[in-house]
Amino acid sequence: METTMQLQSIGKVVQENGRFVIQIDEAFRKALTNLNGFSHLQVLWWGNHSDSPKLRQQTIVERPYKKGPEILGLFATRSPIRPNPVLVTTIQAINIDCEKGQISTWYIDAEPGTPILDIKPYHPSERIQNCQVPEWCSHWPQWYEDAATFDWAGEFNF
């Protein structure tokens, strides 16, 4: 039996003055109460730029990474193409203005206008001590801060 789900956007991504801002809808601004103090947040967003009936049916990707295997199942990728394009990004919160409903960050890998679905505080207890990854992606950065200077463009075959 198929379950019907209903998602509601709580805001959207905006770009202002060289920064990205997550603009929270007025109805959800109280949810920002006491979020200040968390340096990083996990943002769940809808991949509206990669949402189509055809893309939602895709399950296999042919060599998306230069050092990866010939074929990867979609769930072995970080691709925005998904059966349900719910995407997650960890951001650095530069400023949180509860009154205006704005979270400023230097970067988020979502386009301006992208619908935001949820926000969760990132906590160091979520780190995994002995996390393992396949050989083909073991050279990727191990830390959020190192990912900013990593040559991600050199990893992809498109």
Side-chain angles (χ1 to χ4, degrees), residues 2-3 5 7-24 32 35 37-96 102-158:
E2 190 170 318
T3 302
M5 291 176 270
L7 292 173
Q8 179 179 358
S9 171
I10 62 164
K12 65 181 178 181
V13 175
V14 178
Q15 194 168 9
E16 297 178 344
N17 303 322
R19 289 186 182 177
F20 288 87
V21 174
I22 296 172
Q23 180 64 57
I24 303 298
L32 297 172
L35 190 60
F38 287 98
S39 65
H40 291 77
L41 306 172
Q42 293 176 320
V43 180
L44 283 85
W45 49 282
W46 191 258
N48 56 316
H49 293 287
S50 57
D51 186 11
S52 73
K54 181 179 178 182
L55 292 176
R56 284 179 175 231
Q57 298 303 312
Q58 187 171 340
T59 58
I60 298 291
V61 183
E62 292 185 20
R63 197 162 196 130
Y65 307 111
K66 290 180 181 176
K67 295 183 179 182
E70 291 293 323
I71 295 175
L72 281 175
L74 189 65
F75 298 147
T77 75
R78 299 285 295 184
S79 171
I81 298 169
R82 324 273 329 153
N84 294 303
V86 176
L87 305 168
V88 63
T89 301
T90 301
I91 65 163
Q92 180 181 10
I94 298 168
N95 184 52
I96 300 172
Q102 296 180 334
I103 301 170
S104 299
T105 187
W106 294 114
Y107 180 75
I108 184 170
D109 57 348
E111 300 291 326
T114 297
I116 301 299
L117 300 176
D118 200 2
I119 297 167
K120 300 176 185 304
Y122 174 82
H123 194 274
S125 67
E126 298 178 39
R127 295 180 291 188
I128 307 296
Q129 286 184 350
N130 297 310
C131 181
Q132 296 181 6
V133 297
E135 177 69 30
W136 57 267
C137 63
S138 63
H139 64 286
W140 290 0
Q142 294 185 20
W143 299 101
Y144 172 84
E145 293 82 1
D146 296 337
T149 57
F150 185 73
D151 179 22
W152 289 106
E155 295 296 307
F156 298 102
N157 275 327
F158 42 84

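All residue numbers in this chain count up from 1 along the given sequence.
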Which atom names give the shortest non-hydrogen contact between [X] and [Y], and what distance separates them?
{"X": "L55", "Y": "I81", "value": "O-CG2, 3.4 Å"}
{"X": "P115", "Y": "S9", "value": "CB-OG, 3.8 Å"}
{"X": "N48", "Y": "G113", "value": "ND2-O, 4.4 Å"}
{"X": "W152", "Y": "P141", "value": "CZ2-CD, 3.7 Å"}
{"X": "V13", "Y": "E111", "value": "CB-O, 3.6 Å"}
{"X": "S138", "Y": "V133", "value": "CA-CG2, 3.7 Å"}

Under a 4.5 Å cut-off applied to non-hydrogen side-chain atoms, are [X] and [Y] in contact?
{"X": "V88", "Y": "K120", "result": "no"}
{"X": "Q8", "Y": "I10", "result": "no"}
{"X": "I60", "Y": "L72", "result": "no"}

* Residue pairs passing the side-chain hydrogen bond (donor to acceptor under 3.5 Å, both in side chains) test where at least one lies in residues 64-74, sequence neighbours excluded ->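 For residues 64-74: R63-E70.
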* Flag if over 12 foreign heavy atoms under 6.0 Å of CG, D151 ->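 Above 12, so yes.
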* Can you establish whether the number of heavy atoms outside E62 located under 6.0 Å from its atom CD is more than 12? =>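 Result for CD/E62: open.
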* Asked: Does the separation of the ring centres of F38 and Y122 fall below 6.0 angstrom?
  ->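 Distance test on ring centres: not under 6.0 Å, no.
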Would you check if the side chain of [X] reaches a backbone N or O of [Y] as a donor-acceptor pair within less than 3.5 Å?
{"X": "R19", "Y": "E16", "result": "no"}
{"X": "S50", "Y": "P80", "result": "yes"}
{"X": "T90", "Y": "L41", "result": "no"}

* Is there a side chain to side chain contact (heavy atoms under 4.5 Å, CB included) between S79 and L74 once you walk through the steps? -> CA-CA 7 Å; S79 171; L74 189 65; 4.2 Å; yes
Gap between atom [atom2] of [Y] and atom [atom1] of [X] - 0.5 Å precision:
{"X": "R78", "Y": "T89", "atom1": "CZ", "atom2": "OG1", "result": "7.5 Å"}
{"X": "I116", "Y": "T114", "atom1": "CD1", "atom2": "OG1", "result": "7.0 Å"}
{"X": "Q23", "Y": "S104", "atom1": "CD", "atom2": "OG", "result": "9.5 Å"}
{"X": "I91", "Y": "W106", "atom1": "CD1", "atom2": "CH2", "result": "12.5 Å"}
{"X": "I119", "Y": "I103", "atom1": "CD1", "atom2": "CD1", "result": "3.5 Å"}
{"X": "F20", "Y": "Y107", "atom1": "CZ", "atom2": "OH", "result": "6.5 Å"}

* To do: Just jot down the side-chain hydrogen bond (donor to acceptor under 3.5 Å, both in side chains) partners of D51, sequence neighbours excluded, or say none.
  =>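 In terms of side-chain hydrogen bond (donor to acceptor under 3.5 Å, both in side chains), with neighbours along the sequence ignored, D51 is linked to W46, R56.
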* Stepwise side chain to side chain contact (heavy atoms under 4.5 Å, CB included) test for K12 and W45 -> CA-CA 9 Å; K12 65 181 178 181; W45 49 282; over 6 Å; no
* Start with the C-alpha distance between Q42 and E126, add both sets of side-chain angles, then the distance that settles side-chain hydrogen bond (donor to acceptor under 3.5 Å, both in side chains), and finish with yes or no. => CA-CA 11 Å; Q42 293 176 320; E126 298 178 39; 3.2 Å; yes
* **Worked verdict on I22 versus I24 for side chain to side chain contact (heavy atoms under 4.5 Å, CB included)** => CA-CA 6 Å; I22 296 172; I24 303 298; 3.8 Å; yes
